[in-house]
Amino acid sequence: MSPYWALFRTEFQQYLQYRIAAVAGALTNIAFGFFRLFLLTAFYRAADAVQPMALPDLYSYLWMGQVLFSVMPITGLFGPDAEEIRSGAVAYRLTRPVSLYGFYFARVLGQKVTALCTRSAIQLAVIFLVLPLVGLSRYGMRPPDVAMLPFLVPSLLLAMLLSAAMHTFVYMTGFWTISTRGSTSISYAVISLFSGLLVPLVFFPPGLRAVADILPFRGIYDTTAMIYNGASSVSQALGGLVHQGAWFAGIVLLGLALARRGTLRLEIAGG
Amino acid sequence: MMHTVSVYLALISASVRSQLRYKASVFLDISGYFLVFWSEFAAIWILFRHFGSLDGWTLEEVLICYGLAHLAYTCSEFLVRGFEFLAMLTRTGDYDRYLLRPVNTVVQLAGYEFALHRFGRLLQALVVFGAGLVLLGERVTATGAILLLWSLTGGAALFCGLYILQGSVGMKVLQNIEAFNILTNGGPEMAQFPMSIYPRPMRLLFTFVVPLAGVVYYPAVSFLARSAEAPLWIGWVSPAGGIAFAAVALLVFRAVERGYVSTGS
(Lines give C-alpha, C1' and ligand atoms only; values in the text may rest on other atoms or scores of the structure.)
Protein backbone atom coordinates (compact mmCIF):
# COMPACT_ATOMS: atom_id res chain seq x y z
CA MET A 1 0.00 0.00 0.00
CA SER A 2 1.37 3.35 -0.97
CA PRO A 3 2.27 5.63 1.95
CA TYR A 4 0.13 8.40 0.50
CA TRP A 5 -2.95 6.19 0.58
CA ALA A 6 -2.19 5.32 4.21
CA LEU A 7 -1.88 9.01 5.12
CA PHE A 8 -5.13 9.79 3.36
CA ARG A 9 -6.93 6.96 5.19
CA THR A 10 -5.58 7.83 8.66
CA GLU A 11 -6.68 11.40 8.25
CA PHE A 12 -10.13 10.21 7.24
CA GLN A 13 -10.50 7.84 10.21
CA GLN A 14 -9.16 10.39 12.66
CA TYR A 15 -11.60 13.11 11.69
CA LEU A 16 -14.57 10.74 11.69
CA GLN A 17 -14.16 10.59 15.47
CA TYR A 18 -15.39 14.15 15.87
CA ARG A 19 -19.03 13.64 15.02
CA ILE A 20 -20.48 16.30 17.32
CA ALA A 21 -18.13 18.90 15.92
CA ALA A 22 -19.30 17.93 12.44
CA VAL A 23 -22.96 18.42 13.36
CA ALA A 24 -22.27 21.77 15.08
CA GLY A 25 -20.24 22.91 12.08
CA ALA A 26 -22.92 21.86 9.63
CA LEU A 27 -25.64 23.72 11.51
CA THR A 28 -23.47 26.85 11.72
CA ASN A 29 -22.96 26.73 7.96
CA ILE A 30 -26.70 26.36 7.44
CA ALA A 31 -27.33 29.47 9.55
CA PHE A 32 -24.80 31.48 7.54
CA GLY A 33 -26.45 30.14 4.38
CA PHE A 34 -29.74 31.62 5.52
CA PHE A 35 -28.13 35.05 6.09
CA ARG A 36 -26.96 35.12 2.45
CA LEU A 37 -30.25 33.74 1.22
CA PHE A 38 -32.36 36.40 2.98
CA LEU A 39 -30.05 39.14 1.73
CA LEU A 40 -30.32 38.09 -1.91
CA THR A 41 -34.06 37.48 -1.61
CA ALA A 42 -34.45 41.09 -0.44
CA PHE A 43 -32.38 42.35 -3.37
CA TYR A 44 -34.55 40.30 -5.77
CA ARG A 45 -37.82 41.56 -4.24
CA ALA A 46 -37.30 45.11 -5.42
CA ALA A 47 -35.60 44.31 -8.72
CA ASP A 48 -37.78 44.85 -11.77
CA ALA A 49 -35.42 43.61 -14.49
CA VAL A 50 -35.09 39.90 -15.27
CA GLN A 51 -32.22 38.47 -13.23
CA PRO A 52 -29.45 36.28 -14.70
CA MET A 53 -30.49 33.49 -12.35
CA ALA A 54 -34.01 32.54 -11.19
CA LEU A 55 -34.57 32.60 -7.43
CA PRO A 56 -34.81 28.79 -6.91
CA ASP A 57 -31.58 28.36 -8.91
CA LEU A 58 -29.95 31.06 -6.80
CA TYR A 59 -30.92 29.20 -3.63
CA SER A 60 -29.39 25.99 -4.99
CA TYR A 61 -26.25 27.90 -5.89
CA LEU A 62 -26.01 29.41 -2.40
CA TRP A 63 -26.58 26.10 -0.63
CA MET A 64 -23.97 24.44 -2.82
CA GLY A 65 -21.56 27.09 -1.55
CA GLN A 66 -22.36 26.30 2.07
CA VAL A 67 -22.05 22.56 1.40
CA LEU A 68 -18.66 22.97 -0.31
CA PHE A 69 -17.45 25.54 2.24
CA SER A 70 -15.75 23.01 4.48
CA VAL A 71 -13.93 21.60 1.43
CA MET A 72 -12.69 24.95 0.12
CA PRO A 73 -9.11 26.03 0.87
CA ILE A 74 -10.53 28.38 3.52
CA THR A 75 -11.30 26.28 6.57
CA GLY A 76 -8.31 24.69 8.27
CA LEU A 77 -5.67 26.91 6.67
CA PHE A 78 -4.44 27.68 10.19
CA GLY A 79 -4.15 23.99 11.04
CA PRO A 80 -1.28 22.17 12.75
CA ASP A 81 0.18 21.25 9.34
CA ALA A 82 0.72 24.90 8.43
CA GLU A 83 2.21 25.48 11.86
CA GLU A 84 4.62 22.56 11.31
CA ILE A 85 6.15 24.12 8.23
CA ARG A 86 6.32 27.53 9.86
CA SER A 87 7.86 26.32 13.12
CA GLY A 88 10.43 24.08 11.48
CA ALA A 89 8.94 20.84 12.84
CA VAL A 90 8.73 19.97 9.17
CA ALA A 91 12.26 18.63 9.63
CA TYR A 92 10.78 15.41 10.99
CA ARG A 93 8.78 14.99 7.81
CA LEU A 94 11.89 15.36 5.72
CA THR A 95 13.42 12.31 7.38
CA ARG A 96 10.66 10.13 5.94
CA PRO A 97 11.01 8.43 2.59
CA VAL A 98 8.04 10.21 1.02
CA SER A 99 7.76 13.37 -1.03
CA LEU A 100 7.09 16.35 1.22
CA TYR A 101 4.50 17.76 -1.15
CA GLY A 102 2.82 14.37 -1.53
CA PHE A 103 2.71 13.99 2.25
CA TYR A 104 0.79 17.22 2.81
CA PHE A 105 -1.34 16.87 -0.29
CA ALA A 106 -2.54 13.42 0.81
CA ARG A 107 -3.35 14.72 4.28
CA VAL A 108 -5.20 17.75 3.00
CA LEU A 109 -7.19 15.67 0.53
CA GLY A 110 -8.05 13.23 3.31
CA GLN A 111 -9.36 16.09 5.44
CA LYS A 112 -11.43 17.40 2.55
CA VAL A 113 -12.97 14.04 1.68
CA THR A 114 -13.83 13.57 5.36
CA ALA A 115 -15.43 17.01 5.51
CA LEU A 116 -17.49 16.12 2.45
CA CYS A 117 -18.60 12.81 3.96
CA THR A 118 -19.49 14.30 7.36
CA ARG A 119 -20.20 18.03 7.47
CA SER A 120 -21.40 18.39 3.91
CA ALA A 121 -23.48 15.20 4.10
CA ILE A 122 -25.21 16.44 7.26
CA GLN A 123 -25.89 19.77 5.58
CA LEU A 124 -27.41 18.07 2.54
CA ALA A 125 -29.60 16.01 4.85
CA VAL A 126 -30.78 19.14 6.64
CA ILE A 127 -31.41 20.99 3.37
CA PHE A 128 -33.29 18.14 1.66
CA LEU A 129 -35.07 16.54 4.64
CA VAL A 130 -35.45 19.06 7.46
CA LEU A 131 -36.29 22.22 5.49
CA PRO A 132 -39.43 20.66 3.89
CA LEU A 133 -40.48 19.27 7.29
CA VAL A 134 -40.42 22.68 8.95
CA GLY A 135 -42.24 24.31 6.04
CA LEU A 136 -39.21 26.04 4.52
CA SER A 137 -39.10 24.06 1.28
CA ARG A 138 -39.36 27.33 -0.70
CA TYR A 139 -35.83 28.10 0.48
CA GLY A 140 -34.60 24.62 -0.40
CA MET A 141 -32.13 23.26 -2.91
CA ARG A 142 -33.31 21.77 -6.18
CA PRO A 143 -32.19 18.27 -7.16
CA PRO A 144 -29.30 18.16 -9.63
CA ASP A 145 -29.93 18.35 -13.34
CA VAL A 146 -29.84 14.66 -14.35
CA ALA A 147 -28.77 15.33 -17.91
CA MET A 148 -25.65 17.04 -16.55
CA LEU A 149 -24.64 14.22 -14.18
CA PRO A 150 -21.82 13.01 -16.47
CA PHE A 151 -20.31 16.48 -16.04
CA LEU A 152 -21.30 17.04 -12.43
CA VAL A 153 -19.42 14.06 -10.99
CA PRO A 154 -16.04 14.83 -12.61
CA SER A 155 -16.50 18.52 -11.88
CA LEU A 156 -17.08 17.85 -8.19
CA LEU A 157 -14.06 15.57 -8.14
CA LEU A 158 -11.89 18.21 -9.81
CA ALA A 159 -13.21 20.87 -7.42
CA MET A 160 -11.99 18.74 -4.50
CA LEU A 161 -8.60 18.11 -6.09
CA LEU A 162 -8.18 21.77 -7.02
CA SER A 163 -9.12 22.84 -3.47
CA ALA A 164 -6.56 20.42 -2.03
CA ALA A 165 -3.89 21.70 -4.43
CA MET A 166 -4.55 25.34 -3.45
CA HIS A 167 -4.58 24.43 0.22
CA THR A 168 -1.23 22.65 -0.05
CA PHE A 169 0.14 25.59 -2.04
CA VAL A 170 -0.71 27.98 0.83
CA TYR A 171 1.02 25.58 3.24
CA MET A 172 4.17 25.69 1.10
CA THR A 173 4.35 29.48 1.40
CA GLY A 174 4.95 28.78 5.11
CA PHE A 175 8.62 28.12 4.21
CA TRP A 176 9.07 31.84 3.64
CA THR A 177 6.91 33.50 6.27
CA ILE A 178 7.19 33.74 10.03
CA SER A 179 3.46 33.92 10.57
CA THR A 180 0.93 32.31 8.24
CA ARG A 181 -1.81 34.67 9.37
CA GLY A 182 -1.03 37.24 6.68
CA SER A 183 -0.92 34.79 3.77
CA THR A 184 -3.99 32.90 4.97
CA SER A 185 -6.07 36.05 5.30
CA ILE A 186 -5.07 37.16 1.84
CA SER A 187 -5.90 33.72 0.45
CA TYR A 188 -9.26 33.86 2.18
CA ALA A 189 -10.01 37.29 0.71
CA VAL A 190 -9.15 36.27 -2.85
CA ILE A 191 -10.68 32.80 -2.74
CA SER A 192 -13.98 33.77 -1.12
CA LEU A 193 -14.57 36.58 -3.62
CA PHE A 194 -13.40 34.99 -6.88
CA SER A 195 -14.85 31.52 -6.25
CA GLY A 196 -18.34 33.03 -6.09
CA LEU A 197 -18.80 32.27 -2.41
CA LEU A 198 -19.53 35.87 -1.36
CA VAL A 199 -21.55 36.83 -4.45
CA PRO A 200 -22.50 34.55 -7.37
CA LEU A 201 -20.20 35.34 -10.29
CA VAL A 202 -23.20 36.10 -12.58
CA PHE A 203 -23.69 39.39 -10.70
CA PHE A 204 -20.09 40.55 -11.26
CA PRO A 205 -19.65 43.57 -13.53
CA PRO A 206 -18.24 42.43 -16.93
CA GLY A 207 -14.61 43.48 -16.36
CA LEU A 208 -14.34 41.78 -13.00
CA ARG A 209 -16.20 38.75 -14.36
CA ALA A 210 -13.58 38.33 -17.09
CA VAL A 211 -10.88 38.30 -14.42
CA ALA A 212 -12.82 35.79 -12.32
CA ASP A 213 -13.25 33.55 -15.38
CA ILE A 214 -9.51 33.31 -15.93
CA LEU A 215 -8.49 32.87 -12.29
CA PRO A 216 -8.51 29.31 -10.92
CA PHE A 217 -10.85 30.00 -8.00
CA ARG A 218 -14.18 29.57 -9.77
CA GLY A 219 -13.11 25.94 -10.28
CA ILE A 220 -13.62 25.11 -6.63
CA TYR A 221 -17.25 26.20 -6.54
CA ASP A 222 -18.90 28.28 -9.26
CA THR A 223 -18.16 25.85 -12.11
CA THR A 224 -19.62 22.90 -10.20
CA ALA A 225 -22.63 24.85 -8.90
CA MET A 226 -23.56 26.07 -12.39
CA ILE A 227 -23.35 22.51 -13.75
CA TYR A 228 -25.45 21.29 -10.82
CA ASN A 229 -28.15 23.84 -11.66
CA GLY A 230 -28.14 22.93 -15.31
CA ALA A 231 -27.25 26.55 -16.04
CA SER A 232 -24.19 25.61 -18.09
CA SER A 233 -24.56 24.42 -21.68
CA VAL A 234 -22.67 21.26 -22.64
CA SER A 235 -19.85 23.30 -24.17
CA GLN A 236 -19.68 25.57 -21.10
CA ALA A 237 -19.55 22.50 -18.85
CA LEU A 238 -16.77 21.00 -20.94
CA GLY A 239 -14.90 24.30 -20.86
CA GLY A 240 -15.34 24.37 -17.08
CA LEU A 241 -13.88 20.89 -16.71
CA VAL A 242 -10.88 21.81 -18.86
CA HIS A 243 -10.38 25.00 -16.81
CA GLN A 244 -10.51 23.02 -13.56
CA GLY A 245 -8.17 20.30 -14.84
CA ALA A 246 -5.62 22.70 -16.29
CA TRP A 247 -5.44 24.81 -13.14
CA PHE A 248 -5.21 21.69 -10.98
CA ALA A 249 -2.16 20.54 -12.93
CA GLY A 250 -0.70 24.06 -12.87
CA ILE A 251 -1.11 24.59 -9.14
CA VAL A 252 0.28 21.15 -8.30
CA LEU A 253 3.37 21.95 -10.38
CA LEU A 254 3.75 25.34 -8.68
CA GLY A 255 3.36 23.72 -5.28
CA LEU A 256 5.98 21.10 -6.11
CA ALA A 257 8.37 23.84 -7.22
CA LEU A 258 7.80 25.75 -3.97
CA ALA A 259 8.36 22.60 -1.93
CA ARG A 260 11.63 21.94 -3.76
CA ARG A 261 12.91 25.49 -3.34
CA GLY A 262 11.71 25.59 0.25
CA THR A 263 13.57 22.46 1.25
CA LEU A 264 16.74 23.40 -0.68
CA ARG A 265 17.35 26.45 1.47
CA LEU A 266 15.40 25.42 4.53
CA GLU A 267 16.50 26.91 7.81
CA ILE A 268 15.00 25.06 10.71
CA ALA A 269 13.96 27.18 13.66
CA GLY A 270 15.81 25.76 16.61
CA GLY A 271 14.30 24.54 19.83
CA MET B 1 -10.09 50.67 41.06
CA MET B 2 -6.85 52.43 40.11
CA HIS B 3 -5.02 49.22 40.81
CA THR B 4 -7.34 47.24 38.54
CA VAL B 5 -6.85 49.71 35.71
CA SER B 6 -3.09 49.64 36.04
CA VAL B 7 -3.09 45.82 36.04
CA TYR B 8 -5.17 45.83 32.86
CA LEU B 9 -2.82 48.30 31.20
CA ALA B 10 0.19 46.25 32.28
CA LEU B 11 -1.32 43.09 30.78
CA ILE B 12 -2.08 44.84 27.51
CA SER B 13 1.31 46.43 27.23
CA ALA B 14 2.98 43.07 27.82
CA SER B 15 0.86 41.57 25.05
CA VAL B 16 1.66 44.42 22.67
CA ARG B 17 5.38 44.34 23.40
CA SER B 18 5.58 40.60 22.81
CA GLN B 19 3.87 40.98 19.44
CA LEU B 20 6.13 43.85 18.45
CA ARG B 21 9.13 41.54 18.73
CA TYR B 22 8.10 40.42 15.23
CA LYS B 23 7.43 43.77 13.58
CA ALA B 24 7.25 42.51 9.98
CA SER B 25 4.81 39.83 11.03
CA VAL B 26 2.56 42.30 12.81
CA PHE B 27 2.59 44.53 9.76
CA LEU B 28 1.69 41.61 7.46
CA ASP B 29 -1.05 40.47 9.82
CA ILE B 30 -2.61 43.90 10.02
CA SER B 31 -2.54 44.41 6.26
CA GLY B 32 -3.83 40.89 5.63
CA TYR B 33 -6.73 41.45 7.98
CA PHE B 34 -7.37 44.86 6.41
CA LEU B 35 -7.61 43.27 2.95
CA VAL B 36 -9.93 40.42 3.99
CA PHE B 37 -12.71 42.78 4.85
CA TRP B 38 -12.35 44.65 1.57
CA SER B 39 -13.22 41.49 -0.30
CA GLU B 40 -16.37 41.13 1.78
CA PHE B 41 -17.08 44.78 1.16
CA ALA B 42 -16.50 44.30 -2.58
CA ALA B 43 -19.24 41.67 -2.48
CA ILE B 44 -21.69 44.24 -1.07
CA TRP B 45 -20.60 46.81 -3.65
CA ILE B 46 -21.11 44.28 -6.49
CA LEU B 47 -24.65 43.56 -5.29
CA PHE B 48 -25.56 47.25 -5.03
CA ARG B 49 -24.06 47.93 -8.43
CA HIS B 50 -26.24 45.19 -9.90
CA PHE B 51 -29.49 45.78 -8.00
CA GLY B 52 -29.33 49.50 -7.16
CA SER B 53 -30.91 49.39 -3.72
CA LEU B 54 -31.78 47.04 -0.87
CA ASP B 55 -35.29 47.26 0.52
CA GLY B 56 -35.36 51.00 -0.16
CA TRP B 57 -31.87 51.63 1.29
CA THR B 58 -29.09 53.07 -0.84
CA LEU B 59 -25.50 51.91 -0.52
CA GLU B 60 -24.40 54.97 1.47
CA GLU B 61 -27.27 54.44 3.90
CA VAL B 62 -26.31 50.81 4.37
CA LEU B 63 -22.71 51.91 5.03
CA ILE B 64 -23.94 53.41 8.33
CA CYS B 65 -25.23 49.99 9.41
CA TYR B 66 -21.99 48.42 8.15
CA GLY B 67 -19.83 50.87 10.05
CA LEU B 68 -21.79 50.62 13.30
CA ALA B 69 -21.87 46.81 13.22
CA HIS B 70 -18.21 46.23 12.35
CA LEU B 71 -16.78 48.97 14.57
CA ALA B 72 -18.76 47.78 17.60
CA TYR B 73 -17.72 44.20 16.95
CA THR B 74 -14.02 45.03 16.58
CA CYS B 75 -14.05 47.09 19.78
CA SER B 76 -15.49 44.11 21.64
CA GLU B 77 -12.82 41.85 20.14
CA PHE B 78 -10.09 44.14 21.45
CA LEU B 79 -11.69 44.16 24.87
CA VAL B 80 -12.92 40.66 25.70
CA ARG B 81 -11.89 38.16 23.02
CA GLY B 82 -9.83 36.59 25.83
CA PHE B 83 -13.00 34.98 27.19
CA GLU B 84 -12.69 32.51 24.32
CA PHE B 85 -9.86 30.89 26.23
CA LEU B 86 -12.01 30.15 29.28
CA ALA B 87 -12.90 26.65 28.12
CA MET B 88 -9.23 25.81 27.70
CA LEU B 89 -8.24 27.41 31.01
CA THR B 90 -10.96 25.42 32.80
CA ARG B 91 -10.05 22.15 31.09
CA THR B 92 -6.39 22.42 32.01
CA GLY B 93 -7.11 23.71 35.50
CA ASP B 94 -5.11 26.87 34.80
CA TYR B 95 -8.07 28.94 35.93
CA ASP B 96 -6.99 28.23 39.53
CA ARG B 97 -4.23 30.75 39.07
CA TYR B 98 -6.66 33.42 37.90
CA LEU B 99 -8.77 32.94 41.01
CA LEU B 100 -5.76 33.16 43.30
CA ARG B 101 -4.63 36.55 42.04
CA PRO B 102 -5.98 39.58 43.92
CA VAL B 103 -7.43 41.14 40.76
CA ASN B 104 -10.92 40.98 39.28
CA THR B 105 -11.07 37.89 37.01
CA VAL B 106 -13.01 39.73 34.32
CA VAL B 107 -10.12 42.18 34.01
CA GLN B 108 -7.57 39.36 33.89
CA LEU B 109 -9.47 37.61 31.10
CA ALA B 110 -9.94 40.88 29.22
CA GLY B 111 -6.19 41.39 29.37
CA TYR B 112 -5.47 37.86 28.14
CA GLU B 113 -4.48 39.23 24.74
CA PHE B 114 -4.55 42.46 22.79
CA ALA B 115 -4.14 41.22 19.24
CA LEU B 116 -2.67 43.95 17.08
CA HIS B 117 -3.87 42.42 13.82
CA ARG B 118 -7.38 43.58 14.76
CA PHE B 119 -6.27 47.11 13.87
CA GLY B 120 -6.58 45.95 10.25
CA ARG B 121 -10.28 45.37 10.67
CA LEU B 122 -10.75 48.52 12.75
CA LEU B 123 -9.11 50.60 10.05
CA GLN B 124 -11.19 49.02 7.28
CA ALA B 125 -14.44 49.63 9.16
CA LEU B 126 -13.42 53.23 9.88
CA VAL B 127 -12.69 53.88 6.20
CA VAL B 128 -16.06 52.46 5.12
CA PHE B 129 -17.93 54.30 7.88
CA GLY B 130 -16.15 57.55 7.02
CA ALA B 131 -16.95 57.12 3.33
CA GLY B 132 -20.60 56.61 4.23
CA LEU B 133 -20.68 59.79 6.32
CA VAL B 134 -19.00 61.82 3.58
CA LEU B 135 -21.42 60.51 0.94
CA LEU B 136 -24.41 61.33 3.13
CA GLY B 137 -23.14 64.93 3.30
CA GLU B 138 -25.57 67.30 4.97
CA ARG B 139 -27.68 64.50 6.40
CA VAL B 140 -24.98 64.19 9.07
CA THR B 141 -25.72 66.47 12.03
CA ALA B 142 -24.13 67.07 15.43
CA THR B 143 -26.98 65.32 17.23
CA GLY B 144 -26.66 62.50 14.71
CA ALA B 145 -22.99 62.11 15.57
CA ILE B 146 -23.86 61.83 19.26
CA LEU B 147 -26.42 59.16 18.41
CA LEU B 148 -23.79 57.20 16.46
CA LEU B 149 -21.32 57.32 19.37
CA TRP B 150 -24.03 56.23 21.79
CA SER B 151 -25.05 53.30 19.62
CA LEU B 152 -21.41 52.29 19.14
CA THR B 153 -21.13 52.11 22.92
CA GLY B 154 -24.27 49.98 23.12
CA GLY B 155 -23.06 47.82 20.24
CA ALA B 156 -19.61 47.21 21.72
CA ALA B 157 -21.31 46.29 25.01
CA LEU B 158 -23.62 43.84 23.24
CA PHE B 159 -20.78 42.03 21.46
CA CYS B 160 -18.76 42.00 24.70
CA GLY B 161 -21.79 40.37 26.32
CA LEU B 162 -21.87 37.72 23.60
CA TYR B 163 -18.19 36.86 24.08
CA ILE B 164 -18.63 36.73 27.86
CA LEU B 165 -21.63 34.41 27.43
CA GLN B 166 -19.71 32.23 25.00
CA GLY B 167 -16.86 32.00 27.50
CA SER B 168 -19.24 31.17 30.35
CA VAL B 169 -20.86 28.37 28.38
CA GLY B 170 -17.39 27.16 27.42
CA MET B 171 -16.42 27.11 31.09
CA LYS B 172 -19.46 24.97 31.83
CA VAL B 173 -19.10 22.44 28.99
CA LEU B 174 -15.29 22.64 28.70
CA GLN B 175 -15.21 23.46 25.01
CA ASN B 176 -16.14 26.34 22.77
CA ILE B 177 -19.45 25.82 21.05
CA GLU B 178 -19.08 26.59 17.36
CA ALA B 179 -22.74 27.59 17.10
CA PHE B 180 -21.88 30.77 19.04
CA ASN B 181 -20.07 31.91 15.91
CA ILE B 182 -23.47 32.49 14.36
CA LEU B 183 -23.93 35.33 16.84
CA THR B 184 -20.35 36.56 17.25
CA ASN B 185 -18.81 36.34 13.77
CA GLY B 186 -22.25 36.25 12.18
CA GLY B 187 -23.49 39.23 14.18
CA PRO B 188 -21.88 42.01 12.16
CA GLU B 189 -22.43 40.08 8.94
CA MET B 190 -26.16 40.09 9.65
CA ALA B 191 -26.51 43.50 11.28
CA GLN B 192 -24.64 45.30 8.48
CA PHE B 193 -27.88 45.24 6.46
CA PRO B 194 -31.24 46.75 7.45
CA MET B 195 -33.12 44.35 9.73
CA SER B 196 -36.22 44.74 7.57
CA ILE B 197 -34.83 42.23 5.05
CA TYR B 198 -35.09 39.33 7.51
CA PRO B 199 -38.23 37.32 8.28
CA ARG B 200 -40.30 38.26 11.32
CA PRO B 201 -39.18 35.52 13.77
CA MET B 202 -35.56 36.44 13.14
CA ARG B 203 -36.28 40.15 13.60
CA LEU B 204 -38.02 39.48 16.93
CA LEU B 205 -35.11 37.32 18.10
CA PHE B 206 -32.57 39.98 17.22
CA THR B 207 -34.63 42.78 18.75
CA PHE B 208 -35.73 41.31 22.06
CA VAL B 209 -33.38 38.40 22.88
CA VAL B 210 -30.06 39.44 21.37
CA PRO B 211 -30.74 43.13 20.71
CA LEU B 212 -28.56 43.52 17.61
CA ALA B 213 -31.27 45.56 15.91
CA GLY B 214 -31.29 47.93 18.89
CA VAL B 215 -27.62 48.82 18.50
CA VAL B 216 -27.41 49.03 14.69
CA TYR B 217 -30.68 49.09 12.78
CA TYR B 218 -32.84 51.38 14.95
CA PRO B 219 -30.08 53.94 15.55
CA ALA B 220 -29.39 53.93 11.79
CA VAL B 221 -33.09 54.49 11.09
CA SER B 222 -33.11 57.46 13.48
CA PHE B 223 -29.83 58.83 12.16
CA LEU B 224 -31.07 58.68 8.58
CA ALA B 225 -34.54 59.96 9.60
CA ARG B 226 -36.28 57.07 7.86
CA SER B 227 -39.44 57.68 9.90
CA ALA B 228 -41.55 55.36 7.74
CA GLU B 229 -39.74 52.35 9.23
CA ALA B 230 -39.90 53.12 12.94
CA PRO B 231 -40.58 56.08 15.28
CA LEU B 232 -37.33 58.01 15.45
CA TRP B 233 -37.11 58.09 19.26
CA ILE B 234 -36.61 54.29 19.38
CA GLY B 235 -33.07 54.52 18.04
CA TRP B 236 -32.13 56.82 20.92
CA VAL B 237 -33.38 54.39 23.56
CA SER B 238 -32.58 51.01 22.02
CA PRO B 239 -28.74 51.04 22.41
CA ALA B 240 -29.37 50.70 26.15
CA GLY B 241 -30.43 47.13 25.31
CA GLY B 242 -26.83 46.29 24.44
CA ILE B 243 -25.63 47.52 27.81
CA ALA B 244 -28.37 45.55 29.59
CA PHE B 245 -27.34 42.46 27.63
CA ALA B 246 -23.72 42.86 28.74
CA ALA B 247 -24.84 43.25 32.36
CA VAL B 248 -26.84 40.02 32.19
CA ALA B 249 -23.87 38.25 30.57
CA LEU B 250 -21.62 39.36 33.43
CA LEU B 251 -24.13 38.01 35.98
CA VAL B 252 -24.21 34.68 34.12
CA PHE B 253 -20.42 34.59 34.11
CA ARG B 254 -20.25 35.20 37.86
CA ALA B 255 -22.80 32.43 38.46
CA VAL B 256 -20.86 29.96 36.30
CA GLU B 257 -17.57 31.01 37.87
CA ARG B 258 -18.92 30.29 41.36
CA GLY B 259 -19.53 26.70 40.24
CA TYR B 260 -15.94 26.29 38.97
CA VAL B 261 -14.32 23.10 40.18
CA SER B 262 -10.62 22.72 39.51
CA THR B 263 -9.38 19.70 37.59
CA GLY B 264 -6.62 19.58 40.18
CA SER B 265 -3.86 19.12 37.66
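What's counted below: heavy atoms across the whole structure, side chains too, no hydrogens, waters or symmetry copies. Order of the sequence lines fixes the chain letters, A, B, ..., with proteins taken first and strands second; residue numbering starts at 1 for each chain.
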Engaged part of A:L208 at the chain B interface, taking heavy atoms whose separation is under 4.5 Å: side chain
Separation between OH of B:Y198 and OG1 of A:T41, rounded to the nearest 0.5 Å: 10.5 Å
Heavy-atom contact with chain B under 4.5 Å, split by part of A:P200: neither
Reported CD1-to-OG distance for the pair B:I30 and A:S185, which is rounded to 0.5 angstrom: 11.5 Å
Plane angle bin for B:F51 and A:F203 - parallel if under 30°, tilted between 30 and 60°, otherwise perpendicular: tilted
Shortest non-hydrogen separation from A:L198 to B:E40 and the atoms involved: CD1-CA, 3.9 Å
Spatial distance of atom OG (B:S39) from atom CD1 (A:I191) [nearest 0.5 Å]: 10.5 Å
Distance (rounded to the nearest 0.5 Å) between B:L47 CG and A:L39 CG: 6.0 Å
Crowding at OH, A:Y44 (>12 non-hydrogen neighbours, <6.0 Å): yes
Steps toward side chain to side chain contact (heavy atoms under 4.5 Å, CB included) verdict (B:M202, A:F34): CA-CA 11 Å; B:M202 213 170 134; A:F34 269 114; 6.0 Å; no
From CZ (A:F32) to CD (B:E189), nearest 0.5 Å: 5.5 Å
Shortest non-hydrogen contact between B:A43 and A:L193, atoms and distance: N-CD1, 4.2 Å
Step-by-step ring pair (Phe, Tyr, Trp, His ring centres under 6.0 Å) determination, B:F193 to A:F35: CA-CA 10 Å; B:F193 302 111; A:F35 290 171; 9.9 Å; no
Nearest-0.5 Å distance that lies between atom CD1 in B:I46 and atom CZ in A:F204: 4.0 Å
